[in-house]
Amino acid sequence: MTADHHHTKVAPVKARERYIILDALRGFALLGICLANFPEFSLYTFLGPEAVRSMPTAEADNVARYIQYLLIDGKFYTLFSLLFGIGFSIIISNAARKGADGFRIFYRRMAILLLIGFIHLMFIWSGDILMLYAFLGFFLPLFRNVSDRGLLGTAAVLLVLPVAIDLVISLTGVSPSAWVVAAQQEQCARYGITEDNFAYWLRDADSYRQVFGFLVQGALVRVQEFIDGNRAFKVMGLFLIGFYLGRNRFYARLEEKRATVRRVFLWGLAAGLPLSGLYAWSAMNGHPWGLAAHTLLYTVSVYPTGFAYAAGLALYSLHRKESRVLKLLSAPGRMALTDYIGQSLCGMFIFYGTGLALGADMGLVYVLLTALCVYAAEVAFSHVWMCFCSFGPLEWIWRMLTYGERLPLLRRRS
């Protein structure tokens, strides 16, 4: 989901070796996104406490839910957002070399991503993140001349801002998303979606029309989540850190930055994991210390852990230059947009009434196992596809629309 780094260098072999870490990180992020999103696809997230407790896997599900908050929740879109910022820096440096035209290409690229995100949100799945990425992407060029200190300072403010906002909300009782909630309830009333059938609607839907009705209110729920979660500030802050890392070419200088990377890894885990344990406890017990404290826990646990994941994979790539794990992760990473949308299509097919209708009946443990199977299938598919093609299918379309020319899809046999 991030920028082009394949025609950055003139010598392709060197570039491939150099940037495999970016592809591998993106492939790894896709795994986490799959594990994070499938509980919602499977409708498990929407089930009431009674239904959850009556599952045969209820006890194991409870443990799985804790682990999910501990290791997964928020950590992987942190990774994706960093990678997006890095990708932007690569486009900017290309633009600087080729003249201002690069910005026109970047804006066109974002506009097309916005459209892809809109189609995904309205017709496939309400959990889309692409629209937000594309929308915020439009603002990134404003930061291109900001100093490194300025970038990191702004990022820090943006990442901490949600704590202050939630404190104000807690103290004043004002709800910024009230208007969206009202619109969503109106939409539910129009389609006959009630509290009782909400969790089962998509499983019981026997036509796409019913699915679409649910997706319309779901899009409004998504807007509410972005407002209540202060998501724009979080993502923009991460974009700027990614832009800083990309501009300083960290991904190309891992060897000389080894000590810094190791520090980020060790400190990130040492701080992030115990605090993630507290965050998980707070999430599972309805934020007993209040909203602002919960957001503070999120801030001090999710980002350090996400950064540690990135640093850990980078260290691993330094130790194991020819690693099969990196090669395994890099194929889905090179077609991340296709695989991200592919996860949604798999989720629809497996869990909704228009497909296998397995939603709302599966415990969390089985949901996560299903997600792992889907990811494994994507890794296999990506490897086969990339053997014959230069881009993923959606990447190819995105690239052609961006550059306004027909690009060969199949690799030339050398």
Side-chain angles (χ1 to χ4, degrees), residues 28-78 125-127 194-204 218 221 225 229 269-291 293-298 300-302 304-306 308-309 343-344 346-353 355-378:
F28 179 53
L30 270 172
L31 166 63
I33 298 274
C34 199
L35 290 167
N37 288 344
F38 263 57
E40 198 157 305
F41 267 122
S42 69
L43 315 176
Y44 179 86
T45 308
F46 304 142
L47 292 172
E50 279 301 300
V52 168
R53 275 198 295 271
S54 66
M55 292 266 179
T57 50
E59 275 180 35
D61 290 344
N62 219 23
V63 176
R65 205 164 144 236
Y66 184 82
I67 292 171
Q68 181 125 22
Y69 279 119
L70 180 72
L71 299 177
I72 296 166
D73 191 58
K75 278 78 171 177
F76 287 90
Y77 96 78
T78 294
W125 188 49
S126 312
T194 64
E195 244 170 80
D196 293 333
N197 66 22
F198 193 88
Y200 306 99
W201 184 274
L202 289 170
R203 183 199 64 189
D204 298 340
V221 172
E225 286 170 358
L269 281 189
L273 278 184
L275 289 165
S276 286
L278 272 180
Y279 164 71
W281 180 83
S282 171
M284 288 182 71
N285 290 283
H287 318 158
W289 300 316
L291 181 63
H294 184 69
T295 306
L296 179 63
L297 279 175
Y298 180 98
V300 295
S301 68
V302 165
T305 312
Y309 286 174
Q343 287 175 6
S344 299
C346 290
M348 275 184 98
F349 174 69
I350 295 166
F351 298 112
Y352 295 1
L356 301 176
L358 296 177
D361 297 320
M362 202 186 271
L364 186 58
V365 172
Y366 289 122
V367 169
L368 295 176
L369 285 172
T370 306
L372 286 173
C373 292
V374 167
Y375 180 74
E378 286 196 316

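Values below: every heavy atom of this structure, side chains too, minus hydrogens, waters and symmetry copies. These numbers come from a predicted model, not from an experiment.
Taking the side chain as every heavy atom from C-beta outward, Ser54 and Glu50 never approach each other to under 4.5 Å. Annotation: side chain of Val302 is in contact with side chain of Thr78 (closest heavy-atom distance under 4.5 Å). Looking only at side-chain heavy atoms (C-beta outward), Leu30 and Tyr375 come within less than 4.5 Å of each other. At least one side-chain heavy atom of Phe38 sits under 4.5 Å from a side-chain heavy atom of Val374.
For the atom pair CG of Leu31 and CG of Leu372, the computed distance is 6.5 Å after rounding to the nearest 0.5 Å. Here the straight-line distance linking atom CG of Leu273 with atom CG of Leu278 works out to 12.0 Å at 0.5 Å rounding. Rounding to the nearest 0.5 Å gives a distance of 8.0 Å between CZ of Phe351 and CG of Leu43. The CG atom of Leu368 lies 10.5 Å from the CE atom of Met362; values are rounded to the nearest 0.5 Å. For the atom pair Ser344 OG and Phe349 CZ, the distance stands at 15.0 Å (nearest 0.5 Å). Taken to the nearest 0.5 Å, the OG1 atom of Thr295 stands 13.5 Å off from the CH2 atom of Trp289.
Counting heavy-atom neighbours within 6.0 Å of Tyr366 OH, excluding the residue itself, gives a total of 12 or less. Within a 6.0 Å radius of CD in Glu59, other residues, nucleotides and ligands contribute 12 heavy atoms or fewer.
Summarising the geometry of Arg53 relative to Ala58, their closest heavy-atom pair is O-CB, 3.5 Å, with the distance given to 0.1 Å. Of all non-hydrogen atoms in Ala199 and Ala360, the two that sit nearest each other are O-CB, 3.9 Å. The heavy-atom pair separating Gly363 from Thr57 by the smallest distance is CA-OG1, 3.4 Å. Closest approach of Leu275 to Ser301, counting heavy atoms only: C-CB, 3.5 Å. In this structure, Pro39 and Leu364 approach most closely via the heavy-atom pair CG-CD1, 3.7 Å. Across all non-hydrogen atoms, the minimal contact from Ser126 to Gly218 is OG-CA, 3.3 Å.
Without hydrogens or angle criteria, Asp361 side chain to Leu358 main chain gives no donor-acceptor distance under 3.5 Å.
Ring geometry, Phe41 versus Trp125: the interplanar angle falls under 30°, so the pair is classed parallel (tilted spans 30 to 60°).
Residue pairs meeting the side chain to side chain donor-acceptor pair (under 3.5 Å) criterion with at least one member in residues 35-44, sequence neighbours excluded, do not occur.
A search for side-chain hydrogen bond (donor to acceptor under 3.5 Å, both in side chains) contacts involving Asp204 returns nothing, not counting sequence neighbours.
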Distance-only check: which donor-acceptor pairs under 3.5 Å involve side-chain atoms of residues 64-73, not counting sequence neighbours?
unit_1: Tyr66; atom_1: OH; unit_2: Gly277; atom_2: O; d: 3.1
unit_1: Gln68; atom_1: NE2; unit_2: Leu35; atom_2: O; d: 2.8
unit_1: Asp73; atom_1: OD2; unit_2: Tyr279; atom_2: OH; d: 2.5

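The distance between the ring centers of Phe28 and Phe76 falls below 6.0 angstrom.
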